[in-house]
*Asks:* 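This is the structure I have questions about; it appears just below.
Side chains included, hydrogens not; waters and symmetry mates left out as well; all remaining heavy atoms used.
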Amino acid sequence: MTFSVAEARFLAANTEAIAAVEPEITLTKSSVFADRAVLDKHFGDYARAVSALIAARRAAAGKFPADWLTDADAAQQATPARVAGVRATRLAEAGAQMVHDVTCSVGSEAPAFRQRGIAWMGSDLDMSRLIMARHNLGQEAWLAQADALRPVTSDGVVVADPARRAGGRRITDPAQLLPPLPDLLDAHAGREMAVKCAPGIDYSGWDGLVSVVSVDGGVKEACLYTPGLAGGVRREAVVLREVEERVTDLDDDTVETTAPQRYIIDPDGAVVRAGLVRGWAARHGLSMLDEHIAYLTGEQIPAGYSGFPFVEAVPLRSLKKVLASHGAGSVEILVRGVDVDPDQLRKKLKLRGKAQMAVVIARIGDQAVAHVCGSRVHA
């Protein structure tokens, strides 16, 4: 739920009381009546808002401090702190001295820029979000109520995070984002911009940099940077695991296509979404199973990643028999380039063994090939 202005003001004025009660609230199906009784006792007509706040805070773990005010939609949309740090670092390296976050919501981007010495201003149409941002960032924060499509500043880099969901569904058409990407670009024409988008949108026509970022294997966003912020790069994958790895379209991407070697490796999703599989493979001494399919193979798994010990490659129609011969009882299934539903296939296999295995199904040439492997191994 989103909060009314009155609810946002109540939450901001009662943070200590909410913090005192919050550990008692478990928000499970079995605790719903007990939770509501506690909240009604302490917060009366605002019990529902406090419950929603507690749920939203827990959903936002790792995105901003646990005592911040947020609603469910803002928590879902907010950028994880490590990803915001990547953006702030890029803008700092590009020489930015000020940014205007035109869709600031509850202020989740601000700390990353402040930590790098970049002045930050936030604006939003939703007054309840601005009230929460004021609480989160303090009285010194520059905040204004304004439409992202009606500029109220003329200097600095524009940062925007258009809403990427509507009616519970992810928006994949840039023209359907809220506000629409074309309108946003027109409104701030002539200024440097960084616009956060869903990783699955079609950004093939973008003139600047597309930076796809993942955290611990999960792709979080694609950020579009105007050419002045790109540093000559057009495509970039930033992989945040135990260490940060960055792959760009300027890297050497000379790789071979070979038969399976000791391991089969599925590259990080950011590398795949950015179209930089060849560059990542070249960096780590890997080769491709097929030049059109994003599965790699090599004698070693790159440090910090995982792979599958290769056993044998068989036609898809022979998979059930071969897995049975290896005593497979459970199997992780990965598919690219072949119309196969892993869940349906798993049911058809009817495995009865005890061994944990994996199958990497890919189109090799014009054939669907099942690569039977041992279970996932982490390097």
*Asks:* How about E24 and H42: does a side-chain donor come under 3.5 Å of a side-chain acceptor?
*Replies:* no
*Asks:* Say whether R116 and T89, considering side chains only, have a donor N or O and an acceptor N or O under 3.5 Å apart.
*Replies:* yes
*Asks:* Sequence neighbours left out, what passes side-chain contact (heavy atoms from CB on, under 4.5 Å) with V32? Give chain and number order.
*Replies:*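 Partners of V32 by the side-chain contact (heavy atoms from CB on, under 4.5 Å) criterion come out as none, since no residue qualifies.
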*Asks:* Going by side-chain contact (heavy atoms from CB on, under 4.5 Å), name the residues that satisfy it together with E16, two or more places apart in sequence or in a different chain.
*Replies:*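 With sequence neighbours excluded, E16 shows a side-chain contact (heavy atoms from CB on, under 4.5 Å) to no residue whatsoever.
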*Asks:* So, E7 versus S128: side-chain donor-acceptor pair below 3.5 Å or not?
*Replies:*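 The answer is no; no qualifying pair exists.
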*Asks:* Angle class for the F10/Y46 ring planes (parallel below 30°, perpendicular above 60°, tilted otherwise)?
*Replies:*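 It falls in the parallel class, under 30°.
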*Asks:* Not counting sequence neighbours, which residues clear side-chain contact (heavy atoms from CB on, under 4.5 Å) with M98? List them please.
*Replies:*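 Testing M98 for side-chain contact (heavy atoms from CB on, under 4.5 Å), a comparison that skips the adjacent residues, returns A119, M121, W142.
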*Asks:* Kindly compute the distance separating CG (L289) from CZ (R336), expressed to the nearest 0.5 Å.
*Replies:*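 Nearest 0.5 Å value for the CG-CZ distance: 10.5 Å.
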*Asks:* Can you tell me which residue pairs pass the side chain to side chain donor-acceptor pair (under 3.5 Å) test with a partner in residues 223-234, sequence neighbours excluded?
*Replies:*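 Counting only pairs at least two positions apart or across chains, the side chain to side chain donor-acceptor pair (under 3.5 Å) contacts touching residues 223-234 are E192-T226.
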*Asks:* Name all pairs fulfilling the salt bridge (Lys or Arg N to Asp or Glu O under 4.0 Å) condition that reach into residues 311-333, sequence neighbours left out, sorted by first residue then second.
*Replies:*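 Matches after skipping sequence neighbours: E332-R376.
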*Asks:* Checking side-chain polar atoms at under 3.5 Å, does D161 have a donor or acceptor matched by the opposite partner on Q77?
*Replies:* yes
*Asks:* Closer than 3.5 angstrom, by distance alone: can the side chain of R134 be matched with the main-chain N or O of G138 as a donor-acceptor pair?
*Replies:*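 Judged by distance alone, yes, a pair lies under 3.5 Å.
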*Asks:* Between side-chain atoms of residues 210-219 and protein atoms elsewhere (two or more places apart, or another chain), which donor-acceptor pairs fall under 3.5 Å?
*Replies:*
from	atom 1	to	atom 2	distance (Å)
S211	OG	E236	OE1	2.5
S214	OG	D268	OD1	2.7
S214	OG	D268	OD2	3.3

*Asks:* Does either side chain, that of H100 or that of S123, offer a donor lying less than 3.5 Å from an acceptor on the other one?
*Replies:*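 Side chains of H100 and S123: pair found under 3.5 Å.
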*Asks:* So how far is it from Y295 OH to I264 CD1, rounded to the nearest 0.5 Å?
*Replies:*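 Answer for the OH-CD1 pair, Y295 versus I264, is 9.5 Å.
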